Amino acid sequence: MSTELHEKGRVDGKMSADDVTLGLLREARETVRSSPLGVINTPMIPWCQTTLPLSVSCNVQIKLENMQKTGSFKIRGVANQFARRPKGGRFVTMSAGNYGKSFAYASKHYGSMGKVVMPETAPESRSVLIQSFGVEVERVPTSCLMNVVNRCVHEDNMSFLHSYDDLDLIAGHASLGMEVLEAMPEPDVVAVCCGGGGLLAGVAAAIKLSGRDKTRIYGVEPEGACTMYKSFIEKKPVAMDTKSIASGLAPPFAGRLPYELCQRYAEEIVLVSDEEIKAAVSTLYGSGLVVEPSGSAAFAAIVNNKIPELEGKNVVCILSGGNVGKDELGDFPD
Ligand SMILES: Cc1ncc(COP(=O)(O)O)c(C=O)c1O
């Protein structure tokens, strides 16, 4: 990507879906692959139908991002974001979850001064974990999150790194889509958990720009946090009051660039209930996989027949994160 293009996006946030090219994604893929943060090419394995049969008869391959460095796919985008920003910079973000963890890990590695603004409702253990990487945490009421970030930007001269609406982040996430195609060159269907839409945007762009016109890519959102679903209907990124057990999938609005890319490259958004997500977490756990609720939604959509025409198809299901405590797993059905 030219420096000029890069600066344009970073300064005014006006990147559009047209700026996301295969060349840009390939470059990001190399950055992620060679990142000093140790991002791994996660295994993609067949769902073992002999031990736990699924109700649909198709070839499901699961991509184990729950085994990724820092426990989720977020490190892919973070690796590309940090690689393209000044070393030792001062960065602020807003996250209570997986992005915050990857951001903190990268801040420590790059020796940058990081700060995470977090809703005071987030578990205390999250703050402790993020602080353990030497990153400052400020816990504030949810309604004040953006004000505090703005204060850090304008008064403390910090740069804001967005956790889903950021070109470099999305391009880094696209590396996941490219790995999928290396393991399965012509998937019929790919199911992706969707929150603000950064992951879905990156994966869908990578697959479609690589020429897989026939592959159907579905985003999966919780019923109570369906911002991208509503954005598709209203034909613009929308906000809503969200509520779901899958907190990573429940940001209050869909990202602008993610929305543009998802609308261009994804088939549709399907919804799952919190009960279906909980049951998916249990099924996955029962087959030896620790996957958090936000990482299980795509699997929930497949097993509950939310995705059309799966019969006999080659289906990829991305298990996007595994950061869930033993105590939280106790709440799920046997
Ligand atoms: C495990 C997991 N999966 C999926 C997502 C959704 O990612 P995005 O906000 O890029 O749509 C998140 C977001 O935090 C997450 O933590």
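Because only heavy atoms are used, hydrogens play no part in the values below, and waters and symmetry mates are left out as well, while side chains stay in. Just so you know, ligand 1 is whichever comes first in the structure, and atom 1 is the first atom listed for that ligand. All values derive from a computational prediction rather than experimental measurement.
Remark: R264 does not engage E260 in a salt bridge, criterion side-chain N to carboxylate O under 4.0 Å. Remark: K306 does not engage E268 in a salt bridge, criterion side-chain N to carboxylate O under 4.0 Å.
Backbone and side-chain nitrogen or oxygen atoms of C193 are examined, and none is located within less than 3.5 angstrom of a nitrogen or oxygen of ligand 1. Some N or O of G196 is nearer than 3.5 Å to an N or O of ligand 1, by distance alone. Not a single N or O atom of L200, backbone or side chain, sits closer than 3.5 Å to an N or O atom of ligand 1.
The protein heavy atom nearest to atom 3 (N) of ligand 1 is S320 OG, 2.7 Å. Among all non-hydrogen protein atoms, the one lying nearest atom 13 (C) of ligand 1 is G248 O, 3.1 Å. Protein heavy atom closest to atom 7 (O) of ligand 1, with residue, atom name and distance, is F73 CZ, 3.5 Å. Summary of contacts: the protein heavy atom closest to atom 1 (C) of ligand 1 is N98 ND2, 3.4 Å. For atom 5 (C) of ligand 1, the closest non-hydrogen atom of the protein is L249 CD2, 3.5 Å.
Taking a cut-off of under 4.0 Å to the non-hydrogen atoms of E292, the atoms of ligand 1 that pass are 1 (C). Close approach of ligand 1 to C194 is summarised as follows: ligand atoms under 4.0 Å from at least one heavy atom of the residue are 11 (O). Distances below 4.0 Å separate heavy atoms of G198 from the following atoms of ligand 1: 8 (P), 10 (O), 11 (O). The ligand atoms of ligand 1 that sit less than 4.0 angstrom from a heavy atom of Y164 are 9 (O), 10 (O). Near G321, meaning under 4.0 Å from one of its heavy atoms, ligand 1 places the atoms 1 (C).
More than 12 non-hydrogen atoms from other residues, nucleotides or ligands lie less than 6.0 angstrom from OH of Y110.
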Handout entry: Working for side-chain contact (heavy atoms from CB on, under 4.5 Å), residues T42 and E179
Key = CA-CA 8 Å; T42 49; E179 284 174 20; 4.0 Å; yes

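Looking only at distances, no side-chain donor or acceptor of S175 sits under 3.5 Å from a matching main-chain atom of R29. At distances below 3.5 Å, not a single donor-acceptor pair connects side-chain atoms of N80 with backbone N or O atoms of A171.
Distances from ligand 1 to the non-hydrogen atoms of G97 include no value under 4.0 Å. Between K74 and ligand 1 there is a heavy-atom distance shorter than 4.0 Å.
In this structure, F82 has its ring center closer than 6.0 angstrom to the ring center of F91.
Using modelled atom types and a 3.5 Å distance limit, the side chains of S159 and R90 yield no donor-acceptor pair.
Smallest separation of non-hydrogen atoms from S210 and L181: CB-CD1, 3.6 Å. Across N59 and M184, no two heavy atoms sit closer than the pair ND2-CE, 3.8 Å.
When the options I170, L199, D165 are ranked by their closest heavy atom to atom 10 (O) of ligand 1, first place goes to L199.
Counting heavy atoms under 4.0 Å from ligand 1, residue S294 touches it through both backbone and side chain.
Considering L176, T31, I75 as possible partners of V39, the one that fulfils the side chain to side chain contact (heavy atoms under 4.5 Å, CB included) test is I75.
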